[in-house]
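Positions are given from 1 along the sequence.
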Amino acid sequence: MTDPRILTVRPEPDEYAWTFGGAPPVARIAPGTVLDLYTEDCFAGRVRSEKDLVSQVCAFPFLNPQTGPFHIEGAEPGDTVAVHFVSVEPARDWAASTTVPLFGALTSTHTTASLQPPLPERVWIWQLDRTRRTALFQAQDSDIELELPLDPMHGTVGVAPANLEVRSALVPDAHGGNMDTPEMRAGVTCYLGVNVEGALLSLGDGHARQGEGETCGVAVECAMNTVVIVDLLKDVATPWPRLESDTHLISTGSARPLEDAFRIAHLDLVQWLVRDFAFSELDAYQFATQAVESPLANVCDTNYTCVAKLRKEWLPARETYRGLHARLRETAQALRL
């Protein structure tokens, strides 16, 4: 096996993409390329202290910068791009989280309007101990300090949408985007259906950790040093973003209302079982009903995202996505040597 090509990308502040679709590629890469990337946090690095309110230091819609897009040679509609996360590591010793007026699951929003006033705008700076693998929460209204384990992930991974659409990097949908699922961590392979020539892959929105649902709308947001392997499966369709870990198959669905996101994710999982594991549709529906786990990814974004995940050990011993996850894991292990 030949060594994979490694491309290192460290964007300048004016070199990020703010949308999926509509942005020119920063590079053309061959399938099998290893990308060594720096991604900035969702605030573009502008929230650095408790005094840096988002409304004052950030300019909407320039939130959630993405590194990319990357044109993947040979990618065409009907194919699948595979993104294997080799490592996802915080690039700084601190991260930021906030409350944002009219944003989040437990407050009035622009689409769920009410007479009650918006929640106040606040910033929490989390100190990250990258050696001990912890994130320190420091309360603002008391002397409480608590440590949580680091669980680095990417909130946003996606390709250009179909039908000439350009979507904000804040929006999750069938193209991927701002799904905010903690499942998008090191060791996982993300499968994305190709909608345009070259796919135009981008990623960003690193989180040092995030609870399921991202309730207040903002995770522990940090810049990341991330290594991924990008590959291509010809003539394999992926209607909604899917993930494969060593232990689980994971489908995603993004929509509003939340029950539609739930339906999309579970339907996609049923269809995955039919296509690759020889279930009939009704048998897959029954089996998934009794075996699935359904974590929420986000209940705050323009579309909500729900996840449907199933343990691989409970499934027939069959190959999915041509066994690509296992092969990429082997390549990732070799890169760490």
Side-chain angles (χ1 to χ4, degrees), residues 20-21 77-83 105 109 111-112 153-163 165 167-184 188-196 199 201 203 205 210 212-215 217 233 236-245 248-277 279-312 315 320-321:
F20 287 91
D79 299 339
T80 289
V81 166
V83 183
T109 70
T111 54
T112 304
M153 52 162 282
H154 273 277
T156 306
V157 182
V159 294
N163 304 319
E165 285 193 4
R167 303 299 297 272
S168 164
L170 296 169
V171 179
D173 211 312
H175 67 284
N178 193 30
M179 296 176 285
D180 286 321
T181 172
E183 306 289 347
M184 200 77 71
V188 165
T189 303
C190 176
Y191 302 111
L192 298 161
V194 177
N195 302 304
V196 303
L201 169 73
L203 68 156
D205 191 26
Q210 179 210 300
E212 293 173 359
E214 198 180 22
T215 310
L233 286 166
V236 176
T238 300
W240 284 85
R242 294 172 177 173
L243 294 82
E244 183 179 358
S245 70
H248 286 80
L249 302 181
I250 305 165
S251 289
T252 71
S254 298
R256 284 203 187 196
L258 181 59
E259 55 263 36
D260 281 352
F262 179 95
R263 291 180 179 115
I264 291 168
H266 285 249
L267 175 61
D268 186 74
L269 184 63
V270 166
Q271 292 174 336
W272 194 353
L273 295 179
V274 170
R275 188 185 76 180
D276 290 355
F277 293 90
F279 283 81
S280 71
E281 186 174 78
L282 283 180
D283 281 343
Y285 187 22
Q286 171 60 209
F287 183 79
T289 297
Q290 313 313 334
V292 74
E293 304 166 53
S294 301
L296 295 176
N298 92 80
V299 290
C300 54
D301 291 335
T302 309
N303 285 329
Y304 302 150
T305 301
C306 185
V307 163
K309 55 187 292 190
L310 193 59
R311 293 182 183 274
K312 291 161 71 172
L315 292 170
T320 185
Y321 282 97

S.K.: Looking at Ala199 and Val81, what are the two nearest heavy atoms and their distance?
M.R.: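 In this case the closest contact between Ala199 and Val81 is CB-CG2, 3.7 Å.
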S.K.: Search all heavy atoms of Gly253 against all heavy atoms of Ala265 and return the closest pair with its distance.
M.R.: N-CB, 3.6 Å
S.K.: Could you grab the distance from atom CZ of Phe262 to atom OG of Ser294, nearest 0.5 Å is fine?
M.R.: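 Those atoms lie 4.5 Å apart.
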S.K.: Looking only at non-hydrogen atoms, find the nearest pair between Ala160 and Val196 and report the distance.
M.R.: CB-CG2, 3.7 Å
S.K.: Would you please name every residue forming a salt bridge (Lys or Arg N to Asp or Glu O under 4.0 Å) with Glu212, sequence neighbours left out?
M.R.: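 Testing Glu212 for salt bridge (Lys or Arg N to Asp or Glu O under 4.0 Å), a comparison that skips the adjacent residues, returns none.
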S.K.: Output, in order, the C-alpha distance, side-chain angles, deciding distance and verdict of side chain to side chain contact (heavy atoms under 4.5 Å, CB included) for Asn178 and Glu214.
M.R.: CA-CA 12 Å; Asn178 193 30; Glu214 198 180 22; 5.7 Å; no
S.K.: Would you name the heavy atoms of Ala237 and Arg275 that are closest together and state the gap between them?
M.R.: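 Scanning both residues, the minimum pair turns out to be O-NH1, 2.6 Å.
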S.K.: Locate the shortest heavy-atom distance separating Met153 from Thr181; write the atom from each residue and the value.
M.R.: CE-O, 3.4 Å
S.K.: The test is side chain to side chain contact (heavy atoms under 4.5 Å, CB included); show your working for Asp283 and Leu273 and say whether it passes.
M.R.: CA-CA 9 Å; Asp283 281 343; Leu273 295 179; over 6 Å; no
S.K.: Do Glu293 and His248 have side-chain N/O donor and acceptor atoms under 3.5 Å apart?
M.R.: yes
S.K.: Pairing donors with acceptors under 3.5 angstrom, does anything connect the side chains of Ser254 and Asp173?
M.R.: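 Their side chains do not contain a donor-acceptor pair, so the 3.5 Å distance test is not met.
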S.K.: Surrounding CD of Glu259 (heavy atoms of other residues, nucleotides or ligands, distance under 6.0 Å), is the total greater than 12?
M.R.: yes
S.K.: With sequence neighbours excluded, what pairs up with Thr302 under the side chain to side chain contact (heavy atoms under 4.5 Å, CB included) test?
M.R.: Val171
S.K.: Among Tyr321, Tyr191, Trp272, which residue satisfies the side chain to side chain donor-acceptor pair (under 3.5 Å) criterion with Thr238?
M.R.: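 Exactly one candidate clears the test, Tyr321.
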S.K.: Is it true that Thr80 and Arg242 share a donor-acceptor pair across their side chains at a distance under 3.5 Å?
M.R.: no
S.K.: Hey, could you give me the CD/OG1 distance between Glu183 and Thr305, rounded to the nearest 0.5 Å?
M.R.: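 If we round to the nearest 0.5 Å, Glu183:CD and Thr305:OG1 are 12.5 Å apart.
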S.K.: Among pairs that include at least one residue of residues 280-304, which meet ring pair (Phe, Tyr, Trp, His ring centres under 6.0 Å), considering only residues two or more places apart or in two chains?
M.R.: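 Counting only pairs at least two positions apart or across chains, the ring pair (Phe, Tyr, Trp, His ring centres under 6.0 Å) contacts touching residues 280-304 are Phe279-Phe287.
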S.K.: Ignoring hydrogens, what is the shortest heavy-atom contact between Ala291 and Leu310? Give both atom names and the distance.
M.R.: CB-CD1, 3.3 Å
S.K.: Give a yes-or-no answer on whether the side chains of Asp276 and Thr320 include a donor-acceptor pair shorter than 3.5 Å.
M.R.: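 Note: Asp276 and Thr320 side chains meet the donor-acceptor criterion.
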